[in-house]
Each structure stands twice: as C-alpha cells, then as structure tokens.
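Chain naming here is simple, since letters A, B, ... match the order of the sequence lines and numbering starts at 1 in each.
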Protein chains: 2
Amino acid sequence: MLTISQLAATANVTVRTVRHYHHIGLLPEPERDASGYRRYGAQAAVDLIRIRTLADAGVPLARIDALLHAQPDEFDAALTDIDAALQRKIEQLTTYRRRITELAGGERLVLPPEVVALLDRMRGLGVSERRVLLERDAWILMQALDPHLVPRRIREKNAGFDDPEATRLYLACDQSVDWDPDDPRLDQLIDDLDAWETRHERDSSQAGYPKLVSARVCEASPAWQRIISALTHRAEQRHRHRPAAPNNRPDS
Amino acid sequence: MLTISQLAATANVTVRTVRHYHHIGLLPEPERDASGYRRYGAQAAVDLIRIRTLADAGVPLARIDALLHAQPDEFDAALTDIDAALQRKIEQLTTYRRRITELAGGERLVLPPEVVALLDRMRGLGVSERRVLLERDAWILMQALDPHLVPRRIREKNAGFDDPEATRLYLACDQSVDWDPDDPRLDQLIDDLDAWETRHERDSSQAGYPKLVSARVCEASPAWQRIISALTHRAEQRHRHRPAAPNNRPDS
DNA sequence: GGTTGACCCTGACCCTACGTCAGGGTTGGA
DNA sequence: TCCAACCCTGACGTAGGGTCAGGGTCAACC
C-alpha cells in the first residue's frame with residue numbers, strides 16, 4: 001500500500017494535487033490507516049495517471065470526471081475530439097512563434113503588408129521618421145474605424161508617390177515643419193502647392209492629397225499653420241468664380 | 001479616436017481584457033471624453049497588440065510589463081527565451097497527443113513495456129483476467145515502492161514461464177481459485193506443488209515462484225487457503241531434518 | 001528516552017487572467 | 001420618444017493548484 005506522497009510520485013504530481021482531486025471528487029478518498037493517513041492501492045495509481053494524462057492534454061478536470069464515468073463509445077469520441085483540439089493548439093503555438101519573431105519589427109504586426117510596404121516606400125524617399133509615424137497612426141485608426149476604406153487609400157497614396165512633382169511637394173512639406181513661418185522658402189512652397197491643387201482640383205482620385213495632414217502636426221508647427229491658412233484663403237478666392245466641388249473629408 | 005470596444009476589436013480581445021490591463025497598469029489609462037468614456041489613439045492599439053502577441057505566447061502579464069520597459073538587448077534575449085519555451089511546449093503537446101491515444105489501452109500508460117509484455121504473455125497462456133489484474137496491481141505497487149527491483153523480477157517471472165512444468169502449475173493454481181476446498185483435484189495439485197518446491201528449494205533465482213500470491217486472493221478463496229496451509233505444513237516437516245534456508249519475502 | 005527530520009492531517013487564504021453580474025449613465029438611429 | 005447598443009464602476013466567481021499555519025506521526029539515531 002502507498003502513502004499519498006508515494007502515489008503522487010508515481011503520477012508525477014504534488015501531494016496537494018492529489019488532495020485537490022479528492023476535494024473535488026475526481027479521485028475517490030481511500031481508506032485511512034490507524035493514524036488517519038490515507039492508504040492507496042494500485043487502482044488509485046492507475047486512476048491518477050489516467051486523470052493526469054487527460055489533464056496534461058488540457059482537458060478541464062470537470063470534463064475528466066464526466067469522461068471517466070462515460071460509456072466506451074462516448075469516451076472514444078471524446079478522445080478524438082481532444083486529440084483534434086491538441087493538434088489545433090500545436091498549430092496555434094506555431095503561428096505564435098512566427099509572430100514573436102516579428103515583435104522587434106515595428107508596425108509589421110499591426111498593419112497589413114501593403115501599408116507596411118507604403119511606409120517603407122516613404123522612408124526610402126527620405127520622409128522623416130516623425131512623419132512616417134504619424135502616417136502609421138493614421139493607418140491604424142483607419143484600419144480600426146473603417147477597414148474597407150484601406151485598399152482604395154493605399155492605391156491613392158501610391159499613385160501620389162508615382163507622380164514626381166507630388167512627391168517633391170510632399171517632401172518639401174515634410175521638411176518645412178520646423179521652418180520659421182516667415183521663412184521666404186515658404187512663399188515659394190505655397191505657390192507650388194496652390195498651382196498643384198489648381199491643376200488637380202477636378203481629379204477626385206487624388207483629391208486633396210498633399211493636404212492629408214494630422215491636426216496635431218498643424219498645431220505644433222507655425223510654418224504649417226501658415227501654409228494651411230494661405231491655401232485655404234486662395235482656394236476660397238478661386239471658388240468665388242466657380243461652383244464649389246464637395247471636397248471635405250475629415251481626417252481622423 | 002477609438003472607443004474601448006473598437007480598440008479591443010483591433011487586437012481581438014474583450015473589453016474586459018483591456019480594462020484588466022488598465023487595472024494592473026500594463027496598458028496606460030487614456031484620456032476620457034466629456035462623458036467619462038475612454039478614448040484611445042493609435043499607439044494604444046500598437047501597445048495592445050504587442051502585449052497580446054506576448055500573452056498569446058504564454059508570457060505572464062507581469063513579465064510582459066517588465067519586458068516592455070526593458071532595454072532592446074534584454075528584450076531580444078527574452079524573445080529567444082520565449083521562443084525556446086514555445087518550442088518545448090509544442091514538443092510536450094506532441095507527446096501528450098501520443099499518450100492520449102494510449103489511454104484506451106489499459107495498463108500501457110502505467111507500466112514499463114517489459115511488464116506489459118509479461119502481462120500479455122500471461123493472457124496468451126490462458127491465465128484468467130482476474131489473476132492478470134492482480135498481477136498488474138502487484139507490479140504497480142512494486143514500481144512505486146521499489147522500482148529498482150522490477151527488472152530482476154521480470155527476468156525471474158519470464159524464466160518461470162519458460163519452464164513448462166512451472167507454467168502448468170501456475171495455470172492450475174489460477175483455475176483452482178473457485179474450487180471447493182474438498183475438491184479431490186486439490187490433493188493432486190498440492191502434491192505436485194510440493195514436489196516442485198522440493199526440487200527447486202535451493203535455486204534461489206526462482207525461489208518460491210508459485211507462491212507469489214496476493215494476500216487478498218488467499219482470503220477470498222478457501223481452496224487457496226488449503227493449498228497454502230498444506231504447503232507450509234509440509235515444508236516445516238521437511239525442514240525439521242535440514243537446515244532452514246532464509247526464504248521469506250513479504251509480498252507487499 | 002529524547003531529538004531530529006521527513007512525513008501526514010485539516011483549513012484557510014493567495015495567485016493568474018480574466019468572465020460575469022449588478023446597477024446605472026450615454027449615444028445614435030428609427 | 002424609445003430602444004438597442006454602448007460605456008462606467010465595483011464586486012464576486014473560476015480553475016488548478018501554491019503556500020502557510022498549526023498540529024500529529026514515524027523511524028532512526030544517540
């Protein structure tokens with residue numbers, strides 16, 4: 001006959017675990033000896049090992065209890081079931097392993113690959129990392145709020161960077177963030193932007209592309225505040241002579 | 001800006017999970033809007049997804065907290081560590097899968113293969129299932145109490161079944177369990193057993209082999225009680241004329 | 001026969017990572 | 001105006017044990 005610790009050792013569990021199984025009625029309480037110690041026979045070892053085999057496979061104890069009192073055919077069905085669950089879990093863990101290796105790599109985990117490629121393209125063109133991060137955040141919010149919009153916007157953005165003049169203006173805007181609002185280069189930039197807008201005003205597929213600007217950046221940059229107000233002013237003047245095209249898109 | 005449920009959805013977790021992470025300080029509490037609702041930016045989504053990536057891989061939340069504030073080199077080391085743990089877990093689950101398939105097959109899980117082979121050999125020789133189960137229990141207890149004894153006993157047992165006369169006697173004993181204690185066949189059996197014992201008395205490698213009997217069986221079988229007492233009596237008589245060989249081995 | 005260390009007992013609280021319920025306020029569309 | 005679908009806090013429940021407290025037993029050694 002075995003003591004509780006001997007029994008526990010044969011099944012590779014702690015004494016506490018055995019007592020827990022008694023407590024919840026999963027393993028029957030054995031006879032006690034004269035001093036009140038539990039004394040186990042071989043059947044207890046068999047039962048305990050069967051229990052642990054199932055528990056190790058992730059089966060909840062409550063279900064194990066039911067299983068051990070089930071008909072053989074139910075039992076077999078449950079085993080098939082459990083085996084399938086195990087296999088699924090293994091596959092899950094394998095994909096988690098892949099994702100873990102991507103943790104170091106910034107936004108790769110959060111955004112679809114097309115967007116990641118776009119951000120990398122911006123970096124390659126010389127866009128400042130600060131701007132790229134703002135762009136990233138905008139994509140994340142768009143993804144959360146209106147995911148079906150993303151593919152079209154990606155095409156539009158990429159088309160923008162296919163146009164050399166648009167790209168030049170974008171980079172100039174990016175660099176102008178820290179300029180003094182009285183910097184003479186700003187006048188030239190505003191003229192160029194206005195000219196570009198005038199040329200593309202009807203082309204809704206790229207509508208307002210260089211205006212895609214985070215509100216937070218505007219607040220922080222006097223130079224940009226000047227650009228925005230100047231462009232808005234000129235656009236209004238132009239539209240006094242033409243019918244207004246609806247072109248207001250709130251940006252997050 | 002995102003509400004809590006929108007944030008939760010982008011990371012594929014429940015709202016409760018997000019609040020839990022706030023509560024334990026894993027994810028910083030965001031600003032509230034006028035009505036007290038939490039409002040999240042894109043960085044929260046990035047953080048939450050990173051957290052879940054680690055949590056899904058089985059990293060405890062407390063450790064994730066430490067990891068996110070760690071130096072890049074520590075972080076990388078931890079990732080390697082976590083990846084190795086994942087791989088170990090996958091291998092574990094694979095072996096659990098194998099064990100699950102053996103659950104239907106009786107003692108295979110509980111005993112070493114040599115013992116299982118021995119029990120199968122007994123079944124093949126025609127030993128009753130009741131006897132085999134008693135034998136199985138004896139092996140389980142021996143395994144728990146004195147594992148290093150098992151290999152030698154296996155050799156002895158197998159040697160016993162290599163001897164046709166010993167095997168015949170064993171089978172006869174097995175069948176005699178339910179006989180009436182006055183059954184005339186018992187007299188013949190006792191004579192044969194006594195003769196065998198006399199012949200093998202000095203051969204310690206098989207000492208008392210047919211006597212290997214569970215105490216519980218003896219109690220339940222009047223026929224066996226007669227066999228035991230008769231053999232004991234005869235042995236004593238014989239030993240009155242010869243020096244006694246030490247041959248007492250308590251059988252669990 | 002006294003001590004020591006390894007066991008055994010019950011009962012109770014602690015842990016993680018949330019789930020769930022109660023009780024109530026907010027929002028947005030029909 | 002109403003309803004469903006959100007949001008809030010606070011509190012308790014869950015599995016599968018770990019750990020501690022407070023005490024009894026057993027076997028060996030001195």
Side-chain angles (χ1 to χ4, degrees), chain A residues 1-27 29-40 44 48-68 82 85 89 92 96 144-146, chain B residues 1-27 29-40 44 47-68 82 85 89 92 96 144-146 250:
Chain A
M1 303 294 277
L2 308 175
T3 69
I4 195 170
S5 67
Q6 287 166 336
L7 175 73
T10 67
N12 238 333
V13 298
T14 67
V15 169
R16 175 67 170 93
T17 300
V18 177
R19 288 205 267 250
H20 183 59
Y21 292 171
H22 289 323
H23 188 68
I24 62 175
L26 185 51
L27 194 65
E29 283 271 6
E31 309 278 285
R32 307 293 183 113
D33 68 8
S35 53
Y37 290 11
R38 295 179 179 85
R39 288 297 177 164
Y40 298 88
L48 184 54
I49 288 178
R50 291 169 71 87
I51 290 170
R52 283 311 306 179
T53 304
L54 288 163
D56 287 337
V59 183
L61 299 190
R63 196 176 163 204
I64 294 179
D65 197 15
L67 268 180
L68 295 183
I82 291 163
K89 201 163 199 168
Q92 280 268 354
Y96 291 154
L145 295 169
D146 218 347
Chain B
M1 302 295 277
L2 308 176
T3 70
I4 195 170
S5 67
Q6 287 167 336
L7 176 73
T10 68
N12 235 334
V13 299
T14 66
V15 168
R16 178 65 174 94
T17 299
V18 176
R19 288 205 267 250
H20 182 60
Y21 293 170
H22 289 322
H23 188 68
I24 63 176
L26 185 52
L27 194 65
E29 282 272 6
E31 308 279 283
R32 308 292 182 113
D33 67 10
S35 52
Y37 290 11
R38 295 178 179 87
R39 288 297 176 163
Y40 298 89
D47 294 346
L48 183 54
I49 288 178
R50 290 169 72 88
I51 290 171
R52 283 312 306 179
T53 303
L54 289 163
D56 286 338
V59 183
L61 299 189
R63 198 176 161 205
I64 293 179
D65 197 16
L67 268 179
L68 294 184
I82 291 163
K89 201 163 199 170
Q92 281 267 354
Y96 291 153
L145 294 168
D146 217 349

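- At a threshold of 4.5 Å between non-hydrogen side-chain atoms, the residues A/Leu48 and A/Tyr40 do not count as touching.
- Annotation: side chain of B/Arg39 is in contact with side chain of B/Thr3 (closest heavy-atom distance under 4.5 Å).
- In this structure, A/Arg19 reaches the bases: a heavy-atom distance under 4.0 Å links it to at least one base atom across the strands shown.
- Summarising the geometry, the separation between CZ on A/Arg32 and P on C/dC7 is reported as 19 Å, rounded to the nearest angstrom.
- Proximity of B/Glu31 to B/Met1: side-chain heavy atoms (C-beta onward) are nowhere separated by under 4.5 Å.
- Summarising the geometry, atom CZ belonging to B/Arg52 is positioned 11.5 Å from atom CD1 belonging to B/Ile49; distances are rounded to the nearest 0.5 Å.
- Summarising the geometry, the separation between NE2 on A/His22 and P on C/dG11 is reported as 14 Å, rounded to the nearest angstrom.
- In this structure, the NE2 atom of A/His23 is 13 Å from the P atom of C/dC13, given to the nearest Å.
- B/Arg39 comes within contact range of no nucleotide atom at all, as no heavy-atom separation falls under 4.0 Å.
- Residue-level contact check: A/Arg63 touches neither bases nor backbone, having no heavy atom under 4.0 Å from any strand.
- Rounded to an integer number of Å, the gap from A/Arg16 CZ to C/dG11 C1' is 10 Å.
- A residue-by-residue look at B/Ser5 and A/Asp33 shows that B/Ser5 has its nearest nucleotide of DNA chain D further toward the 5' end.
- Between atom OH of residue A/Tyr21 and atom CD1 of residue A/Ile64 there is a gap of 6.5 Å, rounded to the nearest 0.5 Å.
- Straight-line distance from the CD atom of A/Gln6 to the C1' atom of C/dA6: 12 Å, rounded to whole Å.
- Taking 4.0 Å as the cutoff to heavy atoms of chain A, we find the contact window on DNA chain D bounded by D/dG16 to D/dC26.
- Within the 4.5 Å cutoff, no side-chain heavy atoms of B/Val13 are placed close to those of B/His20.
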**Candidate pair B/Ile24 and B/Asp65, rule side chain to side chain contact (heavy atoms under 4.5 Å, CB included), full reasoning** = CA-CA 9 Å; B/Ile24 63 176; B/Asp65 197 16; over 6 Å; no

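- In this structure, B/Tyr21 reaches the C/dC18 phosphate: one of its side-chain N or O atoms is under 4.0 Å from OP1 or OP2.
- Using a 4.0 Å heavy-atom cutoff across all strands shown, A/Ile24 reaches no nucleic acid atom at all.
- As a whole-Å value, the separation of B/Tyr37 OH from C/dG28 P is 9 Å.
- Taking atom NE2 of residue A/His20 and atom P of nucleotide C/dC13, one finds them 17 Å apart after rounding to whole Å.
- Taking the nucleotide of DNA chain C with the nearest heavy atom to each of B/Leu61 and B/Ala34, the more 5' of the two is matched to B/Leu61.
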